[in-house]
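As the structure is a computational prediction, the values presented were derived from the model and not from experiment. To find a chain, count down the sequence lines: A is the first, B the second, and so on, and within it residues start at 1.
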Amino acid sequence: MGSVRVRFAPSPTGYLHIGGARTALFNWLFARHNDGKMVLRIEDTDQGRLKEDSVSQIISSLKWLGISWDEGPETGGDYGPYFQSERLDKYTKECERLMAEGKAYYCFCTSEELEADKEADRKARRPHRYSGRCRNLTDKQIEKYKAEGRKPVVRFKMPEGNTVVKDIVRGDVTFDNNLMDDFVIMKSNGIPTYNFAVVVDDHSMGMTHVIRGEEHLPNTPKQVLLYDALGYETPKFAHVPMILAPDKSKLSKRHGATSVEEFRDKGFLPEAIVNYLILLGWSPEGNTEIITLEDAAEQFSLKRVNKSSAIYDVTKLTWINGVYMRELPLEDVVGYALPFYINEGLIPEDYTEQDLEKVKSVADKVREREKTLVDLAKASSYFFKFDYEYEEKGVKKFFKKEGAADVLKSGLKALSSLDEFTAENAEKAYRDLIAESGIKSSKLFHPTRLALSGRTIGPGLFDIMILLGKEETLKRMEKAINYIESL
RNA sequence: GACCCUGUGGUCAAGUGGUUAAGACAUCGCCCUUUCACGGCGGUAUCAGGGGUUCGAAUCCCCUCGGGGUCACCA
């Protein structure tokens, strides 16, 4: 076997699905691990289902995730074109060869006839398969049909016997050819069906391995038969388990986010999504949970891919996202976070260098305790706006207490006397105040936090003060004192 | 319905005839702490069921049940 060549072959009918992303990822990992090539091919033969912009959406999602390809759209390559719609001549040629060899034939059955057959089978409660009516048409009959203007499809002549699919993940899977009918390989409009196009393409593009979702397994024997009929060498197959929704059903819109874009919009980082996806259906040796694309590529093996489908669990994704939020370089996190800060109305769309610096310093502290970019932006809001309301339960607990205003007043005084407003000095001022006055530390810290942020949780109190600056800190203290006194 | 795949805690998942059945997320408790998060320690919880094979089965075989997928001139 030559060097490894694998492909990800999405159909451009929408966004990049999380399951598709995982398939792409496994292909990428396998290619990388084996110093092989990753090909991106667009399966756009069904013009009816084609969606505008879908290709660019899929491409941008893949890029965003960090999944690259050596050949395909944008990058080109020696095995192009990489759009099936531009490869029609290849399918036609191979189809004609099959017909010349008697391995395929024209079928002129109308959809009405086919439907009637199907109905008859249904009534007789027998499994439906194509009747084979056109299997042995004479040249004369064919001419006659053609003269009538009927456009034929081309069907594959299903041979007798069994077909074995050798699958790296699942072992040998045997299918009875009797259960498969003479399926269509070329539609009446001259466009190949999936099963035919995929075989011609995978062969002509030199694919050594076909790694795809489990849902393709039942189709594979047909493809194997086609490989044989065409005299191609069969690639190695690996059908990876599917990703299911929490209720074990197929992941769909009603389960919330299913596309990579949606996860992005919910504030997940590409590094985290990729990390999570790597762990779904595959696991590295040892107890590693946090793993980079590069490390995974080094270790990746199809032998360690699971057989059973996995239920995707957003809770664990969220945990992983939190890990990356605090461990990735601050610049990276801020880069991803900016749109969320804009969306929260914290900085303008045409933000300045100053805005950026502020986001950086705020995010640096806030990211420690948040798990998504959405939460990060929300938890940062009071650093940018002073229009917040005091949290109700905080007010009850800390503001509506005997002497609350006085405590804040003494805090305010201690702070205002500071020349150099640093976290160390501010903390010292508070600690000294506590020591001198005998005020309990919690009686001072909590109301201060509520005054400065409107909340009962957040970064270290003195970090907040520094981020706010002396002037703003004092202003907020004063406002809180007034508020308490008005209660 | 037919065919195919699959079945270890709530979820991910290690495990390939002999283990006290790892680990992670979640959950519960404790600790750390100005709060939250992080972190640390500990707890609850798993081999779908039934038959075999074997001195010995999560691991091998069979059946049942559960889950999923495929049955197009879609991909």
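Between the side chain of A/S188 and the base of B/rC73, at least one donor-acceptor pair of N or O atoms lies under 3.5 Å.
What separates CZ of A/R455 from C1' of B/rU35 is a distance of 13 Å, to the nearest Å. Distance A/K307 NZ to B/rC5 C1': 10 Å, rounded to the nearest Å.
Between A/R155 and A/L461, it is A/L461 whose nearest contact on RNA chain B lies nearer the 5' terminus. Checking A/E368 against A/D176, the closest nucleotide of RNA chain B that is more toward the 5' end is the one next to A/D176.
For A/V153, the side-chain atoms get nearest to B/rC73 when compared with the rest of B/rC4, B/rC73, B/rA75. Residue A/I457 has its side chain nearest to B/rU35 when only B/rA14, B/rA75, B/rU35 are considered. Comparing B/rA14, B/rC5, B/rC12 by their nearest atom to the side chain of A/R170 picks out B/rC5. Of the candidates B/rA14, B/rC4, B/rC38, B/rA14 carries the atom nearest the A/N306 side chain, counting heavy atoms from C-beta on. Of the candidate nucleotides B/rU34, B/rA13, B/rG23, B/rG23 has the atom nearest to the side chain of A/K316. When each of B/rG69, B/rU34, B/rG23 is scored by its nearest atom to the side-chain atoms of A/N287, the top-ranked nucleotide is B/rG23. The A/S11 side chain lies nearest to B/rA75 when the options are B/rG39, B/rU11, B/rA75. Comparing B/rU11, B/rA37, B/rC73 against the side chain of A/K371 picks out B/rA37 as the nearest. Side-chain atoms of A/K248 lie closest to B/rG67 of the nucleotides B/rU35, B/rG67, B/rC38. Here the nucleotide nearest the side chain of A/K187, chosen from B/rA75, B/rU34, B/rC5, is B/rA75.
Each of A/Y390, A/Y388, A/F398 was checked for a ring pair (Phe, Tyr, Trp, His ring centres under 6.0 Å) with A/Y483, and the lone residue meeting it is A/Y390.
In a base pair of the Watson-Crick type (N1 to N3 plus N6-O4 or O6-N4) or a G-U wobble (N1-O2 and O6-N3), with each distance short of 3.5 Å, B/rU44 is matched with no nucleotide. Nucleotide B/rG23 forms a Watson-Crick or G-U wobble pair with B/rC12, both donor-acceptor distances falling under 3.5 Å. Figure legend. B/rG39 is base-paired to B/rC31; pairs are counted as Watson-Crick or G-U wobble with both atom distances under 3.5 Å. Of the nucleotides present, B/rG18 is the one that pairs with B/rC55 by Watson-Crick or G-U wobble criteria, both distances under 3.5 Å. In this structure, B/rC73 forms no base pair with any nucleotide, since neither Watson-Crick nor G-U wobble geometry is met with both distances under 3.5 Å.
Using a 4.0 Å cutoff on non-hydrogen atoms, the parts of residues 108-122 of chain A near RNA chain B are A/C109, ordered by number. The stretch residues 213-222 of chain A comes close to RNA chain B through A/E214, A/E215, A/H216, A/L217, A/P218, A/N219, each having a heavy atom under 4.0 Å from the strand.
A distance below 6.0 Å separates the ring centres of A/Y430 and A/F462. Between A/H209 and A/F26, the gap from one ring centroid to the other reaches at least 6.0 Å.
Cation-pi geometry between A/K222 and A/F156 is not met at under 6.0 angstrom from the ring centre and within 45 degrees of the axis. For the pair A/R155 and A/Y130, the distance from NZ or CZ to the six-membered ring centre is under 6.0 Å and the angle to the ring normal is within 45 degrees. Relative to the ring axis of A/F300, A/R304 does not place its NZ or CZ within 45° and under 6.0 Å from the centre.
The pair A/R122-A/E119 counts as a salt bridge, with a side-chain nitrogen and a carboxylate oxygen less than 4.0 angstrom apart. Between A/D117 and A/R133, at least one side-chain N (NZ, or NE/NH1/NH2) sits under 4.0 Å from a carboxylate O, which counts as a salt bridge. Using a 4.0 Å cut-off between charged side-chain N and carboxylate O, A/K250 and A/E215 make no salt bridge. Comment: A/E392 does not engage A/K396 in a salt bridge, judged by the lack of any side-chain N to carboxylate O separation of less than 4.0 angstrom.
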